[in-house]
Q: 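Below are the C-alpha cells for one structure; questions will follow.
Just so you know, ligand 1 is whichever comes first in the structure, and atom 1 is the first atom listed for that ligand.
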Amino acid sequence: MKYFLTLLVAFSLFACKDNKQQEPFGKKTESTTTEEETTSNYTSSEKIGEEIFNGKGNCFSCHKPDQKVIGPSIAEIAKIYADENGDMTAFLKGKADPIVDPSQYAVMKTNFYITKHFTDEEMQGVVDYVMSFKPE
Ligand code: HEC
C-alpha cells in the first residue's frame, strides 16, 4: 500500500511537471493586456462603443441587450446585421435603409443628429459593440 501511494505521488508530480511544459511558448508576448482589459471580454473598440452607447449616445434608453423596449434589442439588431451582412455605419450616417424594423424607422431617425457627429473611432466602436451581441 505504501509503495502504491509513493508511486501515486510520484506520478502526480510527474503529471504536473508535464503540464507545465505544454504551456505554449511566446504566450508572454501575446498578452500585452492591461489589468482592466482582462476583467472584461470587450476589445478596446467595443469598450469605446459601450461607453457611447450607454452614455452620450443615449442608445440604451431604447435598446436593451436582449429585450425589446422602444427599439429592438441589441442582440436582435446584431443578428439581423450579421445575417443580412448589413452596413450599420452607413445606416447610422443616414445613408442606408433600415433592415431591422422599417415600420419604426421614424423613431430611430431622430438619433441621426447624434450618430452623424460620431468620429470614425466612435462609430466603429458603437458598431463593434452592437455586433459583439451577435449569437456565436
Ligand atoms: C428614441 C428611441 C431610440 C434611441 C434613443 C435609439 N434608437 Fe436605435 N432604434 C430605435 C427603433 C424604434 C428602431 C427600429 C427602427 C429601425 O429598424 O430603424 C431602432 C433601430 C436601430 C438599429 C437598426 C436599424 C435598421 O437597420 O433597421 C440600429 C443599428 C440602431 N437602432 C442603433 C442605435 C444607436 C447606435 C443608438 C444611439 C446612438 C440608437 N439606436 C438610439 C429607437 C431608438
Q: The test is side chain to side chain contact (heavy atoms under 4.5 Å, CB included); show your working for Thr115 and Lys93 and say whether it passes.
A: CA-CA 6 Å; Thr115 56; Lys93 287 183 171 167; over 6 Å; no

Q: Would you check the N or O atoms of Cys62, main chain and side chain alike, for any that come under 3.5 Å of an N or O of ligand 1?
A: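 In this structure, Cys62 places no N or O atom under 3.5 Å from an N or O of ligand 1.
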
Q: Sub-3.5 Å donor-acceptor pair from the side chain of Glu46 to the main-chain atoms of Thr43, do we have one?
A: yes

Q: For His63, is at least one N or O under 3.5 Å away from an N or O on ligand 1?
A: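 Yes, since at least one N or O of His63 sits under 3.5 Å from an N or O of ligand 1.
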
Q: Quick check on contacts: which atoms of ligand 1 are under 4.0 angstrom from a heavy atom of Gly71?
A: 10 (C), 11 (C), 12 (C)

Q: Suppose I only count heavy atoms of Asn58 and a 4.0 Å limit; which atoms of ligand 1 are within that range?
A: 5 (C)

Q: As an exercise, identify every atom of ligand 1 less than 4.0 angstrom from a heavy atom of Cys59.
A: 34 (C), 35 (C), 36 (C), 37 (C), 38 (C), 39 (C), 41 (C)

Q: Could you walk me through whether Phe133 and Lys79 satisfy the side chain to side chain contact (heavy atoms under 4.5 Å, CB included) test, starting with their C-alpha distance in whole Å, then the side-chain angles of each, then the deciding distance to 0.1 Å, before giving a yes or no?
A: CA-CA 8 Å; Phe133 284 78; Lys79 183 178 187 317; over 6 Å; no

Q: Of the protein's non-hydrogen atoms, which lies at the shortest distance from atom 27 (O) of ligand 1, and what is that distance?
A: Val100 N, 2.7 Å

Q: Which of the atoms in ligand 1, numbered in the order shown and given with their element, are less than 4.0 Å from a heavy-atom of Ile70?
A: 12 (C)

Q: Measuring from the heavy atoms of Val126, does anything fall under 4.0 Å of ligand 1?
A: yes

Q: Taking side chain as C-beta onward, heavy atoms only, is Phe91 less than 4.5 Å from Val127?
A: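 Side-chain contact under 4.5 Å: no.
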
Q: Strictly below 4.0 Å, N to O, side chains only: are Lys64 and Glu76 in salt-bridge contact?
A: no

Q: Show the atoms of ligand 1 that are less than 4.0 angstrom away from any heavy atom in Thr115.
A: 38 (C)

Q: Non-hydrogen atoms of Phe60 versus ligand 1: any pair closer than 4.0 Å?
A: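 Under 4.0 Å: no for Phe60.
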
Q: Quick one: does Tyr105 get an N or O within less than 3.5 Å of an N or O on ligand 1?
A: no

Q: Looking at non-hydrogen atoms alone, which of Asp87, Val107, Ile77 comes nearest to atom 22 (C) of ligand 1?
A: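 Answer by nearest heavy atom: Ile77.
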
Q: In terms of residue, atom name and distance, what is the protein heavy atom nearest to atom 16 (C) of ligand 1?
A: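 Minimum-distance protein heavy atom for atom 16 (C) of ligand 1 reads Asp101 O, 3.4 Å.
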
Q: Just to be sure I'm reading this right: ignoring hydrogens, which of Met108, Lys56, Met131 gets closest to atom 21 (C) of ligand 1? Compare them by their nearest heavy atoms.
A: Met108

Q: Considering Pro72, Ala96, Ser61, Ser103 one by one, which has a heavy atom nearer to atom 14 (C) of ligand 1 than any of the others?
A: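 Answer by nearest heavy atom: Pro72.
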
Q: Counting non-hydrogen protein atoms only, what is the nearest one to atom 26 (O) of ligand 1? Give residue, atom name and distance.
A: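 For atom 26 (O) of ligand 1, the nearest protein heavy atom is Tyr81 OH, 2.5 Å.
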
Q: Counting only heavy atoms, which portion of Asn111 has something under 4.0 Å from ligand 1: side chain, backbone, both, or neither?
A: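 It is the side chain that touches ligand 1; the backbone stays farther off.
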
Q: List ligand 1 atoms under 4.0 Å from Gln104, heavy atoms only on the residue side.
A: 12 (C), 14 (C), 15 (C)

Q: Distance alone, cut at 3.5 Å: any donor-acceptor contact between the side chains of Asp128 and Ser45?
A: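 A donor-acceptor contact under 3.5 Å links the two side chains.
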
Q: With a cut-off of 4.0 Å, which atoms of ligand 1 are near a heavy atom of Met88?
A: 29 (C)

Q: Which atoms of ligand 1 sit under 4.0 Å from any heavy atom of Pro98?
A: 18 (O), 25 (C), 26 (O), 27 (O)

Q: Side chain or backbone of Lys109 under 4.0 Å from ligand 1, or both, or neither, by non-hydrogen atoms?
A: neither

Q: Answer whether the closest heavy-atom distance between the side chains of Lys56 and Glu51 falls below 4.5 Å.
A: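 No, their side chains stay 4.5 Å or more apart.
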
Q: Side-chain contact test, heavy atoms from C-beta onward, threshold under 4.5 Å: evaluate it for Phe53 versus His63 and give yes or no.
A: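 Yes, side chains in contact.
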
